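Labels below follow one simple rule: chain letters A, B, ... track the order of the sequence lines, proteins then strands, and each chain is numbered from 1. Given the structure is predicted, the values throughout are model-derived calculations rather than measurements.
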Protein chains: 2
Amino acid sequence: MAAKPKYLTIANQLEQDILIHKYQKQLPHLDQLALIYQTSKVTIVKALSFLQYKGIIKTVRGHGTIILTATEIELAKKDNANEHVGFTERIKNSEFLTSNIISFDLREPTEKEAAFLKIGKSEQVYDIIRQRLLNDFPVRLEYTIMPVKVIPGITKAVLEKSIYGYIENTLQLKVGRANRTFRADKSDAYDQLYLKCAKTDPVFEVEQVCFLSSGLPFEYSQTRNRYDQGELTLNQV
Amino acid sequence: MAAKPKYLTIANQLEQDILIHKYQKQLPHLDQLALIYQTSKVTIVKALSFLQYKGIIKTVRGHGTIILTATEIELAKKDNANEHVGFTERIKNSEFLTSNIISFDLREPTEKEAAFLKIGKSEQVYDIIRQRLLNDFPVRLEYTIMPVKVIPGITKAVLEKSIYGYIENTLQLKVGRANRTFRADKSDAYDQLYLKCAKTDPVFEVEQVCFLSSGLPFEYSQTRNRYDQGELTLNQV
DNA sequence: GAGTGGTCTAGACCACTAG
DNA sequence: TAGTGGTCTAGACCACTCC
C-alpha cells in the first residue's frame, strides 16, 4: 500500500504524462480521468488542484483543463522561494558550503530585537556573526540573534555544524513558519571585508524572523548576500 | 443566495471569530464545526485548508486545529508578493502614482529578449522606458519590452494611463502568470538621474516575464526600484 | 485506545464557457 | 443548449497524536 494519498499518486502520474506529451494541450474531462484512474471525481479535482498549484496546468470552469506551455512550466520550476526557507543552513547539491565564525557572544537584546523575538529586554540572546563560503568563496554574512531561553546550549561546535540540525535533532524542536523581507542595501565596511566586495557593490539583504512550530519566535537574522550571489525568483498568478 | 461557495463563507466567518478571540488556542473539532455550520465535514476541511494557506491556523493530524499566535498572523499579513503582480500598474490606496515617459520606440529585439518573449529576431517590439513617481517623488525606472504582434496599438496615451488596463479592457486579453526575479544591483547613470539617487546607492531590481492567460509571453521588463522604496516580504512554512 | 484531522466514494446539483 | 469544472453531502475508513 502506497503511503501517499491517491490524489498525489495520480497527480504525479499526470505530471509525468504531461512531460512526455501523452496529452497535448488539454487533459481529458474529469469524469474520463476518474474512469481512467478508477477513482471518484473529487479525487481527480484534488489531484488537478495540486498540479495547478505547481504551475503545470490551469483549469477553466466550463471549458476544460489546459496544460500550460512548455515555457511557463519551465519558468515555474525556477521558483526558489522555498530554498530560502532555512536559507541559513541549506546546502545545495554537491556544493561545499562552510562557515567561518566571526563572533559569538551573549548579550541583552536591542529594543528592535526584543520586539521581533517577543522577549523582555533583560532576557539574554546569542549574538552570532558568521561568514558563509561556497567553495571557499565568501557569499554571505549572517547576523543571527536567538534567545538563550528558547534555544539553550548553543556552542561554537554547533555553529560550525548546523544550528537547524541542533534545534531539530538535539533539542527536538520543530521549525515552523518564517517571515522574510528582501531588499537591496549599500554595503558597509564589514560587507566589504567579509564578502570581498568593492565599496560601490550593493548587497542583497534578507531579514527574517523564524518561529518554532509552537509559535515561539526563535531567530531574528539579517543575511547580507553578495549581490552577484543571491537572488529570488517567484512564479505567480 | 451568496455567490461565494459555502466553504469560503465559513472560512471568512471563522477568520472573524478568530480575530475577535471567540476561540482561544484551538478551533472545535471538524465534526463539531460541521454541526455548527450545518454542513459536511469535507466542506469544513476545505474552509480550514484555506485559512491554513492564509497563515491563520495550522492543522495537526491527530491533535486538532491550532490558531497561530497573534505575532504570526500579523506577520503573515505583511506578505506583499501578490502586490508585485502587475507591479507595473498597481496603484496603492490613495497614493498618487504617475508616469513620465522617457522614451517610446519600435525596434527589433535583442537575442535575450527574443528568447524571453519566444519571438523571432525580426518581429518588432515596443521599447518603453518610464519613470514612475509616487506623490511626485521618483521611485522606479521601468524598462519594458512588448511584442507588437501580441499587444498591438500601444500609444503614448495608453502608456500615460495603464498598459494593463488597455490589454484587459481594450484588447480584451487576459493576463495570466508571471515569473519574477528580485536582486540587488549597482545603480547606473540612468538610475542616478531618474531615481534621483546617489552614485553609491544600489537599486532593487525586479526582472519579469509576463504571460497572457493563453500562455503567450507579452512582456519582458526590468524595474529598477530606489533601494529605499521597494522591498518584498514573504511568509513561508 | 480514544480522539482528531485527512482521504475517499457515488451521485446530485451548481456555475461557467462556447457554439 | 451541451459540455465541463466546482461544490456539496453523508458516511466509511485511514493515519496520526497523545495518554
Starting at CG of A:Leu33 and ending at P of D:dG5, how long is that distance when rounded to a whole Å?
8 Å

Between A:Leu27 (CG) and D:dT4 (C1'), how many Å, whole number?
13 Å

Nearest non-hydrogen partners of B:Ile10 and B:Ala47, listed with the distance
CG2-CB, 4.0 Å

Length of the line joining A:Ile66:CD1 and D:dT4:P, which is rounded to integer Å:
13 Å

Whole angstrom value for the distance that separates C1' of D:dG5 from CG of A:Leu14:
15 Å

Short heteroatom pairs, N/O only, protein and nucleotides 7-10 of chain D, under 3.5 Å:
from, atom 1, to, atom 2, distance (Å)
D:dT7, OP1, B:Tyr7, OH, 3.1
D:dT7, OP2, B:Lys46, NZ, 2.8
D:dC8, OP1, B:Lys6, N, 2.2
D:dC8, OP2, B:Tyr7, N, 3.4
D:dT9, OP1, B:Lys6, NZ, 2.8
D:dT9, OP1, B:Thr39, OG1, 2.7
D:dT9, OP2, B:Thr39, OG1, 2.4
D:dT9, OP2, B:Ser40, N, 2.9
D:dT9, OP2, B:Ser40, OG, 2.8
D:dT9, OP2, B:Thr43, OG1, 2.5

Looking only at heavy atoms, what is the nearest atom pair of B:Asp31 and B:Lys41, with distance?
OD1-CD, 3.6 Å

Tell me which of A:Val60 and B:His29 sits closer to the 5' end of DNA chain C, going by the nucleotide each one is nearest to.
B:His29

Interatomic distance, A:Leu30 CG vs C:dC14 C1' [rounded to whole Å]:
14 Å

By side chain to side chain contact (heavy atoms under 4.5 Å, CB included), A:Lys156 pairs with (sequence neighbours left out) A:Ile101, A:Phe104

Rounded to 10°, the angle between the first-five-pair and last-five-pair axes of the helix from C:dG1-D:dC18 to C:dA18-D:dT1 is 30°

Quick check against the 3.5 Å criterion: does B:Gln16 have a side-chain atom that pairs as donor or acceptor with the backbone of B:Gln13?
no

Kindly check if the number of other-residue, nucleotide or ligand heavy atoms within 6.0 Å of OH (A:Tyr53) is above 12?
no

For the student: nearest non-hydrogen atoms of A:Ile154 and A:Tyr126, plus distance:
N-OH, 3.1 Å

Looking at every heavy atom in both A:His63 and A:Gln26, which two are closest together, and how far apart are they?
O-NE2, 3.5 Å

When you check the phosphate oxygens OP1 and OP2 of C:dT4, does a side-chain N or O of B:His63 lie under 4.0 Å from one of them?
no

How many Å lie between CD on B:Gln52 and P on C:dG5, as a whole number?
12 Å

Atom of B:Ile36, atom of B:Pro28 and distance for their closest heavy-atom approach:
CD1-CG, 4.5 Å

Write down the distance between CG (B:Asp31) and P (D:dG11), rounded to a whole number of angstrom.
11 Å

Counting N and O atoms only, with roles assigned by atom type, does the side chain of B:Tyr220 sit under 3.5 Å from a partner on the main chain of B:Ala115, one being a donor and the other an acceptor?
no

Looking only at side-chain N and O atoms, does A:Thr65 come under 4.0 Å of OP1 or OP2 in D:dT4?
no

Taking CD1 from B:Ile57 and C1' from C:dG6, how many angstroms apart are they, rounded to a whole number?
13 Å

